[in-house]
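Working notes for the structure below.
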Number of protein chains: 2
Amino acid sequence: MWAIGSQSCFMTRSKLFNENDVLDKAVQLFWCKGYHGTSAQDLVDALGISRSSLYDTFGDKRQLYIKALQQYRSVAAKGLINMIEESTQIDKTVEQIFRMAVKESLADKLTKGCFVVNTTVELAPHDKEIASIINENMNDIEDALCLGIKKGQEQGVFTKHQNARAFARFLFNNISGLRVAAKSGADKKVFDDIVRVTLSVLKK
Amino acid sequence: MWAIGSQSCFMTRSKLFNENDVLDKAVQLFWCKGYHGTSAQDLVDALGISRSSLYDTFGDKRQLYIKALQQYRSVAAKGLINMIEESTQIDKTVEQIFRMAVKESLADKLTKGCFVVNTTVELAPHDKEIASIINENMNDIEDALCLGIKKGQEQGVFTKHQNARAFARFLFNNISGLRVAAKSGADKKVFDDIVRVTLSVLKK
DNA sequence: TCTTTTTTGGAACAATCATTCCACAAATGT
DNA sequence: ACATTTGTGGAATGATTGTTCCAAAAAAGA
């Protein structure tokens with residue numbers, strides 16, 4: 001046996017599971033059932049790994065939840081932000097973002113809504129660290145929307161009747177609302193009405 | 001002892017607490033901590049009655065939650081509906097509804113949000129009975145808003161550019177959104193931006 | 001193959017969960 | 001005051017909670 005510093009140079013047994021795959025399963029479970037609604041047993045059953053592997057790899061239930069939340073965020077938020085930053089026809093892109101949210105909501109038979117919105121409602125007021133992740137997420141999306149709206153205003157496809165920041169906050173608010181509506185099982189007509197009126201605000 | 005049918009005509013010991021007062025305390029607790037976040041011990045501590053009285057009077061935790069939800073609904077929703085129905089200047093009333101929601105959110109140091117929104121997110125997908133209460137609530141508020149908007153459109157204070165039902169759904173969606181934002185501790189500037197843009201949609 | 005290190009499954013843990021139970025207190029017509 | 005009924009406090013219930021522990025399995029350089 002030989003070592004560099006405190007690290008052993010033995011390469012021993014490696015994990016039988018892919019950490020990222022397991023995290024994806026945790027996202028699905030927490031997203032569907034919430035933090036308090038998901039038990040350690042639920043996690044063991046759904047993740048397909050034993051308690052010891054679970055706690056050894058992720059610490060505890062709360063840390064696993066936080067990692068799952070960040071995993072979700074890195075997919076959902078970054079996807080949305082990329083769409084806006086790479087957009088050439090920003091008015092079409094904003095509409096696309098809303099249509100996507102509606103499509104996802106209608107397709108989701110478990111009515112999971114949005115993991116970030118669910119977390120905001122269940123945990124944000126009681127957990128500072130989680131609240132700060134939520135707020136970082138909100139700021140990132142708001143900034144991206146703001147940038148997109150400015151672009152649209154300069155291109156002349158969006159009205160300048162209100163400032164871009166206000167529009168961005170307004171759009172974000174409606175996305176939150178849609179995700180709550182999804183949880184109550186709203187139908188296409190309701191979603192379409194909301195999206196149509198929301199988007200009409202931006203028009204010149 | 002004498003009886004009519006199976007009912008005894010003895011008038012015996014009456015409850016030491018007011019059922020409505022206790023229900024109000026249950027509303028506050030569930031509103032703040034959610035269903036799964038509130039334990040039976042929490043309830044005993046906060047309601048000031050013993051386990052036996054609690055279970056004897058309200059059945060079980062879920063039934064107590066449902067009664068609390070209906071209690072909240074009967075205050076919050078009916079208040080809002082009355083405001084609209086008795087309004088003479090409907091544009092001012094709609095603005096007042098939004099300003100009230102903002103004021104409440106900023107004043108609430110526990111960031112409880114809205115009990116109905118919280119319930120929608122936590123329980124609606126997993127409990128049919130609760131989902132139907134939520135939907136009834138949504139329909140009642142949407143109907144009242146729709147009526148108000150029609151009134152405003154006839155009075156010429158609201159635009160007819162979209163139909164009243166679509167506007168009602170849109171307004172409801174923004175109220176939901178505000179309640180989620182409240183949970184993340186949003187500040188006055190954010191709320192004011194959202195409300196200003198939302199209300200601008202209705203203007204002629 | 002031996003040694004060393006890490007992962008694994010599952011038993012075991014104390015704490016907490018929602019709920020039930022019971023002996024006693026309180027109230028009221030008689 | 002008595003009989004009868006119902007409400008009350010708190011102990012007790014078994015199930016489930018999140019977490020820890022341990023013996024055994026697996027992996028890989030020596």
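Letters A, B, ... mirror the listed sequences (proteins, then strands); counts begin at 1.
- B:S50 has a side-chain polar atom (N or O) that falls below the 4.0 Å cut-off from OP1 or OP2 of D:dG9.
- Looking at B:D91, its side chain never comes within 3.5 Å of a backbone N or O of B:G152 through a donor-acceptor pair.
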Measure all distances between protein nitrogen or oxygen atoms and nitrogen or oxygen atoms of nucleotides 14-20 of chain C, and list the pairs falling under 3.5 Å.
unit_1, atom_1, unit_2, atom_2, d
C:dA18, OP1, B:T38, O, 3.2
C:dA18, OP1, B:K61, NZ, 2.6
C:dA18, OP2, B:A40, N, 2.4
C:dT19, OP2, B:Y55, OH, 2.9
C:dT19, OP2, B:K61, N, 3.1
C:dT19, O4, B:R51, NE, 2.5

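- No side-chain donor-acceptor contact under 3.5 Å links A:S53 and A:D56.
- Residues meeting the salt bridge (charged side-chain N to carboxylate O under 4.0 Å, His left out) test with B:E95, sequence neighbours left out: B:R99.
- Rounding to whole angstrom units, CG of residue A:D56 and P of C:dT8 are separated by 8 Å.
- Here the C1' atom of nucleotide D:dG18 and the CD atom of A:Q63 are 13 Å apart, to the nearest Å.
- One can place CG of A:N18 at 15 Å from P of C:dT7, the figure rounded to the nearest angstrom.
- If you measure from atom CD1 of A:I49 to atom C1' of C:dT6, you get 15 Å, rounded to the nearest angstrom.
- Going from atom CZ of A:F58 over to atom P of D:dT19 covers 14 Å, rounded to whole Å.
- Residue B:D45 contributes atom CG, which lies 14 Å from atom C1' of D:dG9 at whole-angstrom precision.
- Taking the six-membered ring where tryptophan is involved, the planes of B:Y35 and B:F30 are essentially parallel, since the angle between them stays under 30° and well short of 60°.
- For residues 76-89 of chain B, the pairs satisfying side-chain hydrogen bond (donor to acceptor under 3.5 Å, both in side chains) are B:S87-B:T93, with sequence neighbours left out.
- Ring planes of B:Y72 and B:F115: perpendicular class, angle over 60° (limits at 30 and 60°).
- Side-chain N/O atoms of A:S53 include one lying less than 4.0 angstrom from OP1 or OP2 on C:dT8.
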